[in-house]
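Lettering follows sequence order; numbering is per chain, from 1.
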Amino acid sequence: MSKILTNRFFNRPTLTVARELLGKFLVVRRGKKEIALMVTEVEAYDGHYDKASHAHRGETARNKVMFGGSGVWYVYFVYGMYNMLNIVTGREGFPAAILIRGVEGVVGPGRLTKKLKITRAVNGKEASRKTGLWFEDRGIQIKKADIVRTPRVGVHYAGPVWAKKPYRFIIKSHQ
DNA sequence: ACGATGATGAAC
DNA sequence: TTCATCATCGTA
């Protein structure tokens with residue numbers, strides 16, 4: 001039995017959602033087929049005060065969906081090559097999102113979007129069946145003891161404090 | 001260790 | 001309008 005995750009799930013503290021997103025399934029529909037892969041690695045970007053977050057310098061054309069309601073995709077293009085897939089969390093007006101860094105069999109945020117053909121076309125759209133890209137709870141529970149937390153990757157610019165925050169969550173058996 | 005490759009945002 | 005930077009990855 002599987003349940004589609006909605007605003008109800010994402011409209012909570014970002015770190016809580018990040019931890020609970022491990023073990024859930026990212027589902028992408030292509031034609032008649034649905035591909036479901038378990039989420040194994042994520043990173044939280046939490047609030048305008050988070051110096052590693054795009055939202056730290058205020059709202060811009062790129063990051064505006066982070067400031068909106070939760071349960072919405074935030075996809076941006078970086079390094080001239082890669083789309084990064086995020087899901088917006090927290091209440092409207094509070095800029096936060098979770099970067100999906102890895103799913104079963106695909107490690108790395110750039111590889112993930114490339115392999116699943118996820119582009120900025122879904123930016124600002126709801127994570128739902130209608131969009132063709134969503135999350136499901138398929139009953140798998142990841143125990144706290146089976147989760148590793150580390151600093152986030154590639155955020156040296158955030159300064160010593162924020163670069164070291166343990167906002168990256170990985171399923172131990174997938175690290 | 002480094003280059004690919006282009007959008008972004010801040011400075012000018 | 002220019003310019004440094006970038007929530008990365010493949011090749012070496």
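Each of A:E43, A:R101, A:E41 was checked for a side chain to side chain contact (heavy atoms under 4.5 Å, CB included) with A:I170, and the lone residue meeting it is A:E41. The residue from A:L5, A:V72, A:L21, A:V17 that alone fulfils the side chain to side chain contact (heavy atoms under 4.5 Å, CB included) condition with A:I87 is A:L21.
We find that the ring of A:F77 and the base of B:dA7 do not stack by the test of centres under 5.5 angstrom and planes tilted less than 30°.
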Does the pair A:T14 and A:D46 meet the rule for a side chain to side chain donor-acceptor pair (under 3.5 Å), with working shown? CA-CA 6 Å; A:T14 310; A:D46 192 28; 2.9 Å; yes

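Rounded to whole angstrom, the span from the OH atom of A:Y76 across to the P atom of B:dT5 amounts to 20 Å. Atom CH2 in A:W162 sits about 16 Å away from atom P in C:dA7, given to the nearest Å. If you measure from atom CD of A:E59 to atom C1' of B:dT8, you get 15 Å, rounded to the nearest angstrom. Taking atom CD on A:E41 and atom C1' on C:dA7, their separation rounds to 12 Å, with Å as the unit. Protein atom CG of A:N83 is 14 Å distant from nucleotide atom C1' of B:dT8, rounded to whole Å. In this structure, A:Y157 atom OH and B:dT8 atom P are separated by 16 Å, rounded to whole Å. Atom OH of A:Y74 is separated from atom C1' of B:dT8 by 10 Å (rounded to the nearest Å). What separates NZ of A:K165 from C1' of C:dA7 is a distance of 17 Å, to the nearest Å.
Side-chain rings of A:F10 and A:W73 stay apart, their centers remaining 6.0 Å or farther from each other.
Note that A:R62 lies outside the cation-pi zone of A:Y74, set by a 6.0 Å cut-off to the ring centre and a 45° limit from the axis.
Atom CZ of A:R149 has more than 12 heavy atoms from other residues, nucleotides or ligands within 6.0 Å. Other residues, nucleotides and ligands place more than 12 heavy atoms under 6.0 Å from the NE2 atom of A:H174.
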Dump every N/O contact between nucleotides 9-12 of chain C and the protein below 3.5 Å, one line per pair.
from   : atom 1 : to     : atom 2 : distance (Å)
C:dC9  : OP1    : A:P109 : N      : 3.2
C:dC9  : OP1    : A:G110 : N      : 2.9
C:dC9  : OP1    : A:R111 : N      : 3.3
C:dC9  : O4'    : A:Y82  : OH     : 2.8
C:dG10 : OP2    : A:R111 : NE     : 2.8
C:dG10 : OP2    : A:R111 : NH2    : 2.7

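Side-chain nitrogen and oxygen atoms of A:H156 include at least one within less than 4.0 Å of the OP1 or OP2 phosphate oxygen of C:dC6.
The residue A:R62 sits close only to the backbone: its heavy atoms come under 4.0 Å of sugar-phosphate atoms, none of a base. Across all strands shown, A:Y79 has heavy atoms under 4.0 Å from base atoms, whether or not it also approaches the sugar-phosphate. Among the atoms of the strands shown, none is found under 4.0 Å from any heavy atom of A:H56.
Note on ring orientation: taking the six-membered ring where Trp is involved, the planes of A:H54 and A:Y76 are perpendicular (angle over 60°, cut-offs 30° and 60°).
Secondary structure note: stems in DNA chain B built from 3 or more consecutive Watson-Crick or G-U wobble pairs under 3.5 Å occupy B:1-4 with C:8-11, B:6-11 with C:1-6.
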N/O donor to acceptor pairs below 3.5 angstrom from side-chain atoms of residues 22-33 of chain A, sequence neighbours left out:
from  : atom 1 : to     : atom 2 : distance (Å)
A:K24 : NZ     : A:E20  : O      : 2.8
A:R29 : NH1    : A:R129 : O      : 2.9
A:R29 : NH2    : A:R129 : O      : 2.8
A:R30 : NH1    : A:L116 : O      : 3.2

